[in-house]
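Order of the sequence lines sets the chain letters (A, B, ...), proteins ahead of strands, with each chain counted from 1.
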Amino acid sequence: MTAADQIRTELIRAARGLGAPEDVDPLMERPRESSHGDWATNLAMVLAKPLKSRPRDIAERLRDSMSLESAGVSKIDIAGPGFMNFWIDAGRIASGLRDIIAANESYGGSKVGAGRVVNVEFVSANPTGPLHVGHGRQAALGDAISTLLEVTGWNVTREYYYNDAGVQIDNLAASVEARLSELRGKPAQVPEGGYHGEYIRELAERYNATGEGLSVREFAVRELRKEQDLDLQAFGVRFDRYFLESSLYTEGMVEDTVRLLVASGKTYEHEGALWLRTTEFGDDKDRVMRKSDGTYTYFLPDVAYHVTKWKRGFRRAIDVQGADHHSTVTRVRAGLQALNMGVTEKYPEYVLHQMVTVMKHGEEVKISKRAGSYVTVRDLVNEVGRDAVRYFFLMRKSDSQLIFNVDLAASQSEENPVYYIQMAHARMCGIFRVGEIDPESVSADNVSFELLSEPEEQELIKALLDFPSLVESAAETLEPQRIATYLLETARLAHLWYHKHHVLEQAEDVTRARLVLARGAQIVLRNGLQILGITAPERM
RNA sequence: GCGCGCGUAGCUCAGUUGGAUAGAGCGUCGGCCUCCGGAGCCGAAGGUCGUGGGUUCGAGUCCCGCCGCGCGCACCA
């Protein structure tokens with residue numbers, strides 16, 4: 001049990017003694033000001049109303065009835081409007097390192113997910129061209145969110161939905177056919193809404209050379225799926241399942257969904273089209289399901305697809321998408337509600353991300369050679385490396401626009417946050433290498449933790465001990481950028497400590513204690529990077 | 001026009017889900033340093049948190065109006 005947990009328990013006991021409600025749940029927080037102690041609670045202010053007393057009076061009575069020697073509390077102050085500030089012995093704080101060493105790879109994780117299943121769908125690009133930077137942001141986000149859920153005890157399925165049916169694929173096929181026709185000496189126009197990138201020409205050439213007995217359409221989709229898989233591999237993202245939109249048609253799920261929606265009475269015919277009353281579920285206008293030409297709009301297969309998620313047992317599903325798709329949110333949910341099959345209202349959850357702008361030498365980069373009108377994920381990975389691309393995509397919260405500074409991402413200097421964090425980890429490894437010590441052999445037994453009392457040591461240790469609660473809140477809010485920010489700050493503290501205090505060649509008990517701290521920092525930095533899908537090199 | 005998102009230091013952005021005197025990096029100014037692993041370290045200046053109201057012990061954070069920017073408003077995805 002951590003010192004904070006002990007204080008909390010004791011606070012609850014004391015508060016009940018004063019007649020506080022049964023469900024009293026004190027909030028423990030770390031004051032940002034060090035003169036406010038190591039832990040603080042606002043409990044006395046919260047209790048002011050129910051107990052009909054002044055916060056400061058309540059705080060005093062709480063203090064008087066608490067016994068906190070075993071938690072290592074050395075002082076309690078009452079400050080401001082009624083905050084209670086707790087000071088903990090330096091040695092007691094440092095002894096928390098024991099948990100880090102013991103947990104090792106699993107430090108930071110928890111079991112709050114309790115093994116429940118969750119489906120995380122991301123990237124889901126149309127197989128109509130190479131992946132662009134927006135897909136890259138989704139890949140980094142989706143993968144990090146998945147890992148966050150995994151380390152907090154969820155059973156995650158990473159899923160990719162291929163829109164391999166519908167109008168965009170028709171456009172793709174027509175575009176390739178136009179280039180093919182050119183190759184064969186008959187000039188042709190790429191159709192309206194078609195694709196113009198260099199890769200379309202390449203596809204036509206390859207089809208012309210081999211073709212392999214496939215239609216242009218089949219060939220193009222197959223080749224582009226292969227290419228997207230290579231992009232994702234280069235980025236280090238793996239999926240557990242690929243779901244093909246076309247299978248929804250071939251297995252009759254689209255038809256089933258239409259039938260069930262009609263049966264629900266939430267549909268009507270108008271001007272030859274079939275509409276769904278999505279306005280009954282919060283949409284601003286009703287939506288067409290089946291067009292007057294008999295084909296379906298995209299949103300119907302989307303609903304059918306999410307029905308399969310529900311039927312496959314996923315009571316929780318998360319979709320990571322670009323914010324330009326945000327209008328699908330109410331529609332898909334409305335469709336699921338209209339089916340009246342018990343799907344929860346907020347199903348699926350959405351993580352929407354804003355646009356990515358790529359900057360190089362102070363100017364916006366808009367085109368790639370192969371894709372023509374946009375920058376691809378592979379361009380970025382080739383230029384700055386996988387780790388930097390991952391970090392830069394994850395350093396901002398998803399609903400902020402993101403400027404990707406290629407020059408900074410590529411630089412091998414401490415101004416580059418990825419390099420800075422990895423360097424901190426490598427430095428910790430360097431201590432063990434120079435000292436010829438196997439880090440796995442570092443033990444917290446018989447260590448004099450009170451020797452880790454330098455301010456830089458205490459700051460670093462507190463940051464390391466905050467890691468598990470940070471991971472939990474990042475997982476709960478689906479916000480990996482919190483991990484990115486935390487790692488940068490923790491790396492800074494590790495660098496500061498490293499510069500000021502030497503580990504090796506000190507008095508033996510000092511060296512032993514500091515090795516435990518170096519080991520703790522190494523573990524936390526490594527585990528944090530792992531959540532973001534970034535490597536933790538041992539030397540740089 | 002309607003919907004969603006964003007607006008925090010000169011620049012790029014954090015802000016633990018409502019807490020105390022709003023933080024970091026870069027840049028600027030001043031001063032040290034050459035250290036297990038590399039130009040690193042210390043300090044200073046810099047703010048009406050877009051704006052006007054509201055909610056309460058307490059608001060950058062929640063609610064409403066306005067301004068600015070982005071995205072979306074198809075029988076496209």
Q: Identify whether any heavy atom of N416(A) sits under 4.0 Å from a base atom; if not, whether one sits that close to sugar-phosphate; answer base, sugar-phosphate or nothing.
A: nothing
Q.
For H495(A) together with Y420(A), are the ring centres under 6.0 Å from each other?
A. yes
Q. Going through the checks in order, is the side-chain contact (heavy atoms from CB on, under 4.5 Å) test met by R539(A) and R433(A)?
A. CA-CA 10 Å; R539(A) 59 201 321 166; R433(A) 190 164 50 246; 3.5 Å; yes
Q.
Suppose we define a pair by two distances each less than 3.5 Å, Watson-Crick or G-U wobble; what does rG37(B) pair with here?
A. none
Q) After noting the C-alpha distance and the side-chain angles of E440(A) and R519(A), does the key distance pass the side-chain contact (heavy atoms from CB on, under 4.5 Å) rule? A) CA-CA 9 Å; E440(A) 298 286 338; R519(A) 174 65 176 153; 3.5 Å; yes
Q: Report which part of the nucleic acid M395(A) touches: base, sugar-phosphate, or nothing (heavy-atom distance under 4.0 Å, all strands).
A: nothing
Q.
Nearest whole Å is fine: how far is rG15(B) P from Y486(A) OH?
A. 15 Å
Q.
Both distances below 3.5 Å, Watson-Crick or wobble geometry, any strand: find the nucleotide opposite rG58(B).
A. none
Q.
Could you tell me how far rG7(B) sits from rA14(B) if I compare only their C1' atoms? Round to whole Å.
A. 15 Å
Q | Nucleotide rC71(B), atom C1' - distance to CZ of R137(A) in whole Å | A | 13 Å
Q) Among the nucleotides rA77(B), rC13(B), rG37(B), which one has an atom lying closest to any side-chain atom of T297(A)? A) rA77(B)
**Q.** Pairwise P distance, rC29(B) and rG15(B) [rounded to whole Å]
**A.** 31 Å
Q | rC66(B) pairs with, by Watson-Crick or G-U criteria that keep both distances under 3.5 Å | A | rG50(B)
Q) Would you say H502(A) stacks on rC36(B), if stacking means ring centres under 5.5 Å apart and planes within less than 30 degrees? A) yes
Q) Are Q481(A) and rG15(B) close enough that a side-chain N or O sits under 4.0 Å from OP1 or OP2? A) yes
Q. Should we count CD of E538(A) as having more than 12 external heavy atoms under 6.0 Å?
A. no
(Q) Does rC76(B) have OP1 or OP2 under 4.0 Å away from a side-chain N or O of K291(A)? (A) yes
**Q.** Distance flag, aromatic centroids of Y160(A) and F243(A), threshold under 6.0 Å
**A.** no
Q. To the nearest angstrom, how far is Y420(A) atom OH from rA39(B) atom C1'?
A. 13 Å
Q.
Taking the P atom in each of rG43(B) and rG25(B), what is the distance between them to the nearest angstrom?
A. 10 Å
Q. Expressed in angstrom and rounded to an integer, what is the separation of Y350(A) atom OH from rG72(B) atom P?
A. 17 Å
**Q.** Pairing partner (Watson-Crick or G-U wobble, both distances under 3.5 angstrom) of rG30(B)
**A.** rC42(B)
Q. What do you reckon, are the aromatic ring centroids of Y161(A) and Y242(A) less than 6.0 Å apart?
A. no
Q) Reckon H495(A) touches a base, only the sugar-phosphate, or nothing at all at heavy-atom distances under 4.0 Å? A) nothing
Q: With the side chain of A273(A) defined as its heavy atoms from C-beta on, choose the nearest nucleotide among rC75(B), rG3(B), rG5(B).
A: rC75(B)
Q.
By nearest atom, which of the nucleotides rG15(B), rG37(B), rC4(B) is closest to the K397(A) side chain?
A. rG15(B)
Q: Using side chain to side chain donor-acceptor pair (under 3.5 Å) as the criterion, point out the one residue from Q458(A), K462(A), R30(A) that pairs with D38(A).
A: K462(A)
Q. From the list rC71(B), rU16(B), rU56(B), which nucleotide is the closest neighbour of the side chain of K49(A)?
A. rU56(B)
Q: Mark yes or no for whether D387(A), through its side chain, and T535(A), through its backbone, hold a donor-acceptor pair below 3.5 Å.
A: yes
**Q.** Separation between the P atoms of rG19(B) and rC4(B), rounded to whole Å
**A.** 25 Å
Q. Between rG40(B), rU12(B), rC76(B), which nucleotide gets closest to the side-chain atoms of E414(A)?
A. rG40(B)
**Q.** H36(A) ring over rA20(B) six-membered base ring, under 5.5 Å and 30°
**A.** yes
Q) Is the glycosidic torsion of rU28(B) within 90° of 0, making it syn, or is it anti? A) anti
Q: Using modelled atom types only, decide if a donor and an acceptor are shared between the side chain of T279(A) and the backbone of K285(A) within a distance under 3.5 Å.
A: no
**Q.** Rounded P spacing from rA44(B) to rU55(B) in Å
**A.** 39 Å
Q. Between rC76(B) atom C1' and L172(A) atom CG, what is the distance in whole Å?
A. 15 Å
Q. Would you say rG37(B) has OP1 or OP2 under 4.0 Å from some side-chain N or O of R427(A)?
A. no
Q. With a 4.0 Å cut-off on heavy atoms, is M45(A) in touch with a base, just the backbone sugar-phosphate, or nothing at all?
A. base
Q: Kindly confirm whether the side-chain ring of F83(A) is stacked on the base of rG19(B), judged by centres under 5.5 Å and planes under 30°.
A: no
Q. Hey, which of these two, I431(A) or Y298(A), hits RNA chain B nearer its 5' end, going by closest nucleotide?
A. I431(A)
Q: Tell me what L496(A) touches on the nucleic acid: a base, only sugar-phosphate, or nothing, going by heavy atoms under 4.0 Å.
A: sugar-phosphate
Q: Could you state the atom-to-atom distance from OH of Y419(A) to P of rC26(B) in whole Å?
A: 15 Å
Q. Toward the 5' end of RNA chain B, which comes first, A40(A) or H499(A), by nearest nucleotide?
A. A40(A)
(Q) Taking the C1' atom in each of rG53(B) and rC67(B), what is the distance between them to the nearest angstrom? (A) 15 Å
**Q.** Spacing between R331(A) atom CZ and rC73(B) atom P, to the nearest angstrom
**A.** 8 Å
Q.
Check this for me: does the side-chain of S327(A) come within 3.5 Å of the base of rC73(B) through a donor and an acceptor?
A. no
**Q.** Identity of whatever pairs with rG3(B) - Watson-Crick or G-U, under 3.5 angstrom
**A.** rC71(B)
(Q) Tell me the interatomic distance from N42(A), atom CG, to rA20(B), atom P, rounded to whole angstroms. (A) 11 Å
**Q.** Pairwise C1' distance, rU17(B) and rC41(B) [rounded to whole Å]
**A.** 36 Å
Q | Complementary nucleotide of rG25(B), counting Watson-Crick and G-U pairs under 3.5 Å | A | rC11(B)
Q: Can you tell me, in whole Å, how much space there is between the P of rU16(B) and that of rC63(B)?
A: 15 Å
